[in-house]
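Here the structure is a predicted model, which means the values were calculated and not measured. Both counts, for ligands and for their atoms, begin at 1 and track the order of listing.
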Amino acid sequence: MKRMIVLGQPNAGKTLFTLNFAAYLDLESVTINFTNYERGCYSKTLSIAEAKSLLVSDTAHHTRDIQTLTLTLPWGKGEKQFELVDTTGLTDGINHDEEIRRAMAQTLRFMRQADIIFHLLDCARIAKVGLLKGIGEIDYQIAQFGQLKRGYLILANKIDLPNAKDGLEKIIQEFPGNRIIRISALTQKGFKEVKNYAKKLL
Ligand SMILES: Nc1nc2c(ncn2[C@@H]2O[C@H](COP(=O)(O)OP(=O)(O)OP(=O)(O)O)[C@@H](O)[C@H]2O)c(=O)[nH]1
Ligand SMILES: [Mg+2]
């Protein structure tokens, strides 16, 4: 089964994207497999609404486990399963909180094992704080690592917010030659394109 991993800085919208993408594929509930570096693995089945209220937050570093969903896409006359893996936000430098450091290390381990990388960037934040602060060294490293994978896709998120288009232009400038899809994890804008991209790589 192909594994697609969702990477990016804290608050980029990884968890909302993961859950709303499952909703876009017509799921009303999801079974999420949580992998915690200390507590190991466990799973929970939640409605999408419950999962969003529990797992999405505007507080950075809300996600500290690897959260894996198994989803299906139509494929030929049947369908094919794939894993969509939500991760801990990655940042430049060394975080003072040990739990976050370990969670980030776990994300990097999962990144190596993934087949396809979905790299989320927050267009609205980049427009607000500028290129230097909005796109981190970590984002350039993810992009470089992505070139080694079967699929690497930049998801320019939060396109529904004011001024986000300025951020999108900066992303296009900084990552030339990469496939970039503008999305809103909130409104599901751009999800059709993401689905078509994912289907080709199954
Ligand atoms: N307007 C808007 N808000 C969004 C969008 N995507 C995410 N958000 C909001 O941004 C905040 C962070 O979203 P999360 O999905 O929790 O972000 P994350 O990348 O998983 O963050 P960490 O788990 O901390 O790494 C939440 O308040 C979301 O509601 C979007 O496309 N548009
Ligand atoms: Mg999250």
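- On a distance-only criterion, Thr87 and ligand 1 share no N/O pair closer than 3.5 Å.
- Distances between N or O atoms of Ala185 and those of ligand 1 include at least one value under 3.5 Å.
- Geometrically, ligand 1 and Ala60 share no nitrogen or oxygen pair separated by less than 3.5 Å.
- In terms of polar-atom proximity, defined here as any N/O pair under 3.5 Å, Pro10 makes no such contact with ligand 1.
- Any N or O atom pair closer than 3.5 Å counts here, and Ile159 shares no such pair with ligand 1.
- Tyr140 and Glu174 share a side-chain donor-acceptor pair at under 3.5 Å.
- Protein heavy atom in closest approach to atom 21 (O) of ligand 1: Asn11 N, 2.9 Å.
- For Thr87, every N, O or S atom stays at 2.8 Å or more from the Mg ion (ligand 2).
- Counting heavy atoms closer than 4.0 Å to ligand 1, residue Leu120 contributes nothing at all.
- Contact annotation for Lys14 and ligand 1: heavy atoms of both the backbone and the side chain come within less than 4.0 Å of the ligand.
- No hydrogens or angles considered: nothing links the side chains of Lys14 and Asn157 as a donor-acceptor pair under 3.5 Å.
- Side-chain contact annotation: Asp139 with Gln9, donor-acceptor N/O pair under 3.5 Å present.
- Backbone and side-chain nitrogen or oxygen atoms of Asp86 are examined, and none is located within less than 3.5 angstrom of a nitrogen or oxygen of ligand 1.
- For ligand 1, none of its N or O atoms has an N or O atom of Thr88 under 3.5 Å away.
- Ring-centre distance between Phe145 and Tyr152: not below the 6.0 Å cut-off.
- The hydrophobic clustering, which links ILVMFWY residues whose side-chain heavy atoms are closer than 4.5 Å, places Leu202 and Leu71 together.
- Considering Thr107, Thr87, Asn36, Thr88 in turn, Asn36 is the only one that fulfils the side-chain hydrogen bond (donor to acceptor under 3.5 Å, both in side chains) rule with Asp65.
- Looking at ligand 1, you'll find an N or O of Leu16 within less than 3.5 Å of one of its N or O atoms.
- Distance check for Thr88 against the Mg ion (ligand 2): none of its N/O/S atoms falls below 2.8 Å.
- The side chain of Asn157, and not its backbone, has at least one atom closer than 4.0 Å to an atom of ligand 1 (non-hydrogen atoms only; side chain from C-beta on).
- Residue contacts with ligand 1: Gly8 is excluded, as none of its non-hydrogen atoms falls under 4.0 Å.
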